[in-house]
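What follows is a set of notes on a single structure, which appears directly below.
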Amino acid sequence: MRVATWNINSLKARLERVLAWLASADADVVCLQELKCATADVPVEAFKTAGYDVAAWGTGRWNGVAILSRVGLADVREGIAGQPDFDGQAEPRALTATCGGVRVQTLYIPNGRDTADAHFPYKLAFLQALAADAASDAAADLPFAAMGDYNICPTDDDIWDVDEWTGTTHITPAEREALDAVKAAGLADVFPRALKYDRPFTFWDYRNLDFPKNRGMRIDLALANPAFTAAVTDAFVDRNERKGKGASDHAPLVIDLDL
DNA sequence: ATGCCGAAGTTACTTCGA
């Protein structure tokens with residue numbers, strides 16, 4: 001089985017590229033983030049024609065998550081237990097489903113914006129809720145992975161130049177401790193291989209020639225329970241998908257499982 | 001060449017992203 005996670009930065013703007021990637025990537029299950037569209041506007045028929053069932057949760061302009069599956073899609077759950085609100089709303093940032101004998105979760109962790117912004121404690125609170133919520137799936141016999149855009153570089157090696165990011169979000173000890181608490185629930189980082197260069201970055205900003213200069217970050221992660229981890233045969237970042245006109249600023253993380 | 005930001009709501013500018 002092949003599973004993947006990909007922040008597509010607008011489903012409407014990216015639909016043709018997403019469909020083209022599905023046609024060549026041979027993925028059975030795909031977790032998507034940043035749909036930037038409402039659930040009712042998700043092109044379910046286009047995915048069905050491509051062979052995929054869809055579970056989606058979106059509210060419009062920002063956020064939005066989905067799971068595509070061609071191996072079944074059952075027991076769908078929106079959000080996580082104890083998910084904090086932002087501006088009085090529960091944002092569409094998590095969706096969990098069982099697909100072909102694997103429990104998968106698509107996650108779009110809040111960005112944080114700035115360490116002094118209200119979005120930053122929201123990010124930490126979201127991760128705290130996730131750590132508690134993930135414990136039962138982490139301990140289960142069913143393979144489980146919480147995959148998506150965590151908006152955190154786990155270590156200094158996961159960013160092109162940590163000194164350029166002093167004092168910013170994504171690299172702070174508070175965020176890394178919150179991520180460690182999620183892992184402590186019983187989940188391990190499925191570390192991918194890079195298709196080029198030495199580090200498997202998953203995001204490159206559109207600005208400043210960041211992609212050609214490989215100024216990237218590894219912020220899209222798959223945190224997996226022991227049953228999932230034991231089945232992993234390969235993992236890589238499909239950086240080729242970051243190339244060309246109309247690319248998302250994130251590349252897909254692809255994981256192969258012997259299941 | 002992988003190439004100098006892009007998406008979306010609203011309609012010329014603003015917010016957001018990492």
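In what follows, chains carry the letters A, B, and so on, assigned in the order in which the sequence lines appear, proteins first and then strands, with residues in each chain numbered from 1.
Enclosure of atom CG in Asp141(A) is not indicated, since only 12 or fewer non-hydrogen atoms of other residues, nucleotides or ligands lie within 6.0 angstrom.
Here the P atom of nucleotide dG3(B) and the CZ atom of Arg215(A) are 16 Å apart, to the nearest Å. One interatomic measurement links the two molecules: CG of Asp210(A) to P of dG3(B), which rounds to 13 Å at whole-angstrom precision. Protein atom CG of Leu15(A) is 16 Å distant from nucleotide atom C1' of dA8(B), rounded to whole Å. Rounding to whole angstrom units, CG of residue Asn214(A) and P of dC4(B) are separated by 17 Å.
Using a 4.0 Å cut-off between charged nitrogen and carboxylate oxygen, Asp198(A) and Arg193(A) do not count as a salt-bridge pair. Note on Lys213(A) versus Asp161(A): no salt bridge recorded, every NZ/NE/NH1/NH2 to OD/OE distance being 4.0 Å or above. Looking at Arg2(A) and Asp256(A), a side-chain N of the basic residue comes within less than 4.0 Å of a carboxylate O on the acidic one, giving a salt bridge. Here Arg215(A) does not pair with Asp205(A) in a salt bridge; the nearest charged N to carboxylate O distance is not below 4.0 Å.
Across the P atoms, dT15(B) and dT10(B) are found 14 Å apart, a figure rounded to whole Å. The separation of dC5(B) from dT11(B), taken at their P atoms, amounts to 26 Å, rounded to a whole angstrom. Taking atom C1' on both nucleotides, dG3(B) is separated from dA8(B) by 25 Å, rounded to a whole Å. Straight-line distance between the P atoms of dC16(B) and dA1(B): roughly 38 Å, to the nearest whole Å. Nucleotides dA7(B) and dA18(B), compared at atom C1', are 15 Å apart to the nearest Å.
Using a 4.0 Å heavy-atom distance criterion, Arg14(A) is classed as a sugar-phosphate-only contact. Among the protein residues, Gly244(A) comes within range of the sugar-phosphate backbone only, with heavy atoms under 4.0 Å from sugar or phosphate atoms but none that close to a base.
Within the structure, the ring pair (Phe, Tyr, Trp, His ring centres under 6.0 Å) test picks out the following pairs touching residues 56-104 of chain A (sequence neighbours left out): Phe86(A)-His119(A), Phe86(A)-Tyr122(A).
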Within the sub-3.5 Å range, which N or O atoms of nucleotides 15-18 of chain B have a protein N or O partner, and how far apart are they?
| unit_1 | atom_1 | unit_2 | atom_2 | d |
| --- | --- | --- | --- | --- |
| dT15(B) | O2 | Arg61(A) | NH2 | 3.3 |
| dG17(B) | OP2 | Arg113(A) | NE | 2.7 |
| dA18(B) | OP1 | Glu34(A) | OE2 | 3.2 |
| dA18(B) | OP1 | Asp149(A) | OD2 | 3.2 |
| dA18(B) | OP1 | His250(A) | NE2 | 3.3 |
| dA18(B) | OP2 | Tyr108(A) | OH | 3.2 |
| dA18(B) | OP2 | Asn111(A) | ND2 | 3.3 |
| dA18(B) | OP2 | Asn151(A) | OD1 | 3.1 |
| dA18(B) | OP2 | Asn151(A) | ND2 | 3.0 |
| dA18(B) | O5' | Asn151(A) | OD1 | 3.2 |
| dA18(B) | N9 | Asn111(A) | ND2 | 3.4 |
| dA18(B) | N7 | Asn111(A) | OD1 | 3.1 |
| dA18(B) | N7 | Asn111(A) | ND2 | 2.8 |
| dA18(B) | N6 | Arg113(A) | O | 3.3 |

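Checked against the 6.0 Å centroid threshold, Trp160(A) and Trp204(A) do not count as a close aromatic pair.
Nearest-nucleotide mapping onto DNA chain B: of Lys12(A) and Lys243(A), the residue sitting toward the 5' end is Lys243(A).
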